[in-house]
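To start, the structure itself, in structure tokens.
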Amino acid sequence: MKIKATLDRIPGGMMVVPLLIAAILNTFAPNLLRIGNFTEALFVNGASTLIALFLLCTGAQINVKSFGVSVGKGATLLATKWVVGAVFGLMAYMFAGENGLWLGLAPIAIIAAMTNSNGGLFVALVGQYGSKEDRAAYSLLALNDGPFLTMVALSIFGAMGFVDGMFSLQSFIAVLLPILVGMVLGNLDEEMRDFLDKGSSMLIPFFAFALGMGIDFGAIVEGGLSGIILGLLTVFVTGTAGYLVFKALKWNPIVGAAEGSTAGNAVATPAAIAAASAGFAQYAELATVQVAASTVTTAILLPLYIAFLVKRLERKGYEFKEGNIMKVNG
């Protein structure tokens, strides 16, 4: 059986499929894996530990030595993605109903999905339409992996009085310390970075399954459609914003649009946020499902949107040559 190959063919399959399987088990046979000892520790109660290890492995991929390479483009992409996601998150808090949702979306899901991006998808798209300089910008974009930028936005909103849940300094450090430890290890030793890189991919299906064991299948039904809407917002709002900003700066706008996605690792962010502040715990389950749906939606839709934008530029007389975009006629 080619299990991995099958999962790889499904957008976000390594994260979505285990989460769905676990949610089905938790809904219809909740005690099947709750038998204690190692089984329950790994498959039911292991989400926090696995996410912490995943954040450490992810942190190791942040290469501070590469920040000087294409730092302008990387910083612009990072800032654009964060500002747009944070603004939509703030709107969600301002206009949320009594249930704490806006358009059926949990505000923490909006921030988590719209400020995080799928690095693999970005590199693939920029590899086709961008230059080496554009691809090097990815080194800075690793900063939007994990819960850091989501926590920054929520802390700002808390200080403004829009969010009830706040983070103590200790909670903030407790969430970020695994990332910092990984970052130190990866920058002290290239071999450690390569070693931990394997973990950042390998851990995803395991923490996704553990998260799924905390989700009732009703949450899948409730959050699935709104999660697709979140994916549409991520592609068309953050992708278009990146496109327009890069176009205004006379850079290849396709590179800016390539940031309009949600990474599979963002599915861990709501749980990490809830662990840091209990005020967000009531939305963690729904937000996890919505971020998962956004991941799948953006993985399918963003390449199609990029193809549309490329065709549009070509009709206007532009062409892509050796990673650069140039006007070839009138």
Fill in: Option among L313, V245, T240, V310 that satisfies the side chain to side chain contact (heavy atoms under 4.5 Å, CB included) test with P253
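Running side chain to side chain contact (heavy atoms under 4.5 Å, CB included) over L313, V245, T240, V310 with P253 returns exactly one hit, L313.
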Fill in: Passing option when I35 is tested against L32, L33, N31, T39 for side chain to side chain contact (heavy atoms under 4.5 Å, CB included)
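In the set L32, L33, N31, T39, the residue that makes a side chain to side chain contact (heavy atoms under 4.5 Å, CB included) with I35 is T39.
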Donor-acceptor under 3.5 Å ([X] side chain, [Y] main chain):
X    : Y    : answer
S261 : N118 : yes
T262 : T295 : no
R193 : D189 : no
D197 : Q61  : no

To the closest 0.5 Å, what do you measure between [atom1] ([X]) and [atom2] ([Y])?
X    : Y    : atom1 : atom2 : answer
F95  : L103 : CZ    : CG    : 10.5 Å
T269 : L149 : OG1   : CG    : 9.5 Å
I108 : M151 : CD1   : CE    : 11.5 Å
W82  : T150 : CH2   : OG1   : 10.0 Å
M202 : M14  : CE    : CE    : 11.5 Å
C57  : K198 : SG    : NZ    : 10.5 Å

Item to complete: Step by step, work out the side chain to side chain contact (heavy atoms under 4.5 Å, CB included) result for L301 and L232.
Response: CA-CA 8 Å; L301 189 58; L232 293 172; 3.3 Å; yes
Does [X] belong to the same Ile/Leu/Val/Met/Phe/Trp/Tyr cluster as [Y], with side-chain heavy atoms less than 4.5 Å apart forming each link?
X    : Y    : answer
L188 : L177 : no
V184 : L56  : no
L180 : F54  : no
L19  : L225 : no
F28  : F43  : yes

So which heavy atom on [X] is nearest to which on [Y], and how close?
X    : Y    : result
G214 : N26  : C-ND2, 4.1 Å
L77  : G256 : CD2-CA, 3.6 Å
A257 : L302 : O-CD1, 3.5 Å
T115 : G85  : CG2-CA, 3.8 Å
P18  : P205 : CB-O, 3.4 Å
L309 : I254 : CB-CD1, 3.7 Å

Would you indicate whether the side-chain heavy atoms of [Y] and [X] approach each other to under 4.5 Å?
X    : Y    : answer
L121 : P303 : yes
L230 : M114 : yes
L211 : I51  : yes
F122 : V255 : yes
N116 : V291 : no
L101 : L286 : yes
W102 : F88  : yes

Item to complete: For the pair T80 and E259, evaluate side chain to side chain contact (heavy atoms under 4.5 Å, CB included) and give the outcome as yes or no after the intermediate values.
Response: CA-CA 9 Å; T80 301; E259 264 288 82; over 6 Å; no
Worksheet entry | Distance-only donor-acceptor check, side chains R34 and N45, under 3.5 Å |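 The answer is no; no qualifying pair exists.
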Discussion item. Could you walk me through whether I111 and L154 satisfy the side chain to side chain contact (heavy atoms under 4.5 Å, CB included) test, starting with their C-alpha distance in whole Å, then the side-chain angles of each, then the deciding distance to 0.1 Å, before giving a yes or no?
Written reply: CA-CA 9 Å; I111 301 171; L154 291 172; 3.9 Å; yes
Worksheet entry | Counterpart residues, side chain to side chain donor-acceptor pair (under 3.5 Å), relative to S226 (two or more places apart) |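 Applying side chain to side chain donor-acceptor pair (under 3.5 Å) to S226 gives Q290.
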Item to complete: Check the pair K73, F246 against side chain to side chain contact (heavy atoms under 4.5 Å, CB included), reporting the backbone distance first and the verdict last.
Response: CA-CA 8 Å; K73 291 183 178 181; F246 264 54; 4.1 Å; yes
Item to complete: Considering only NZ, NE, NH1 and NH2 on the basic side and carboxylate oxygens on the acidic side, decide whether D8 and K4 come within less than 4.0 Å.
Response: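 Here D8 pairs with K4 in a salt bridge, since their nearest N and O are under 4.0 Å apart.
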Discussion item. Counting only heavy atoms not in Y305 (residues, nucleotides, ligands), do more than 12 fall under 6.0 Å from its OH?
Written reply: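 Count over threshold, so yes.
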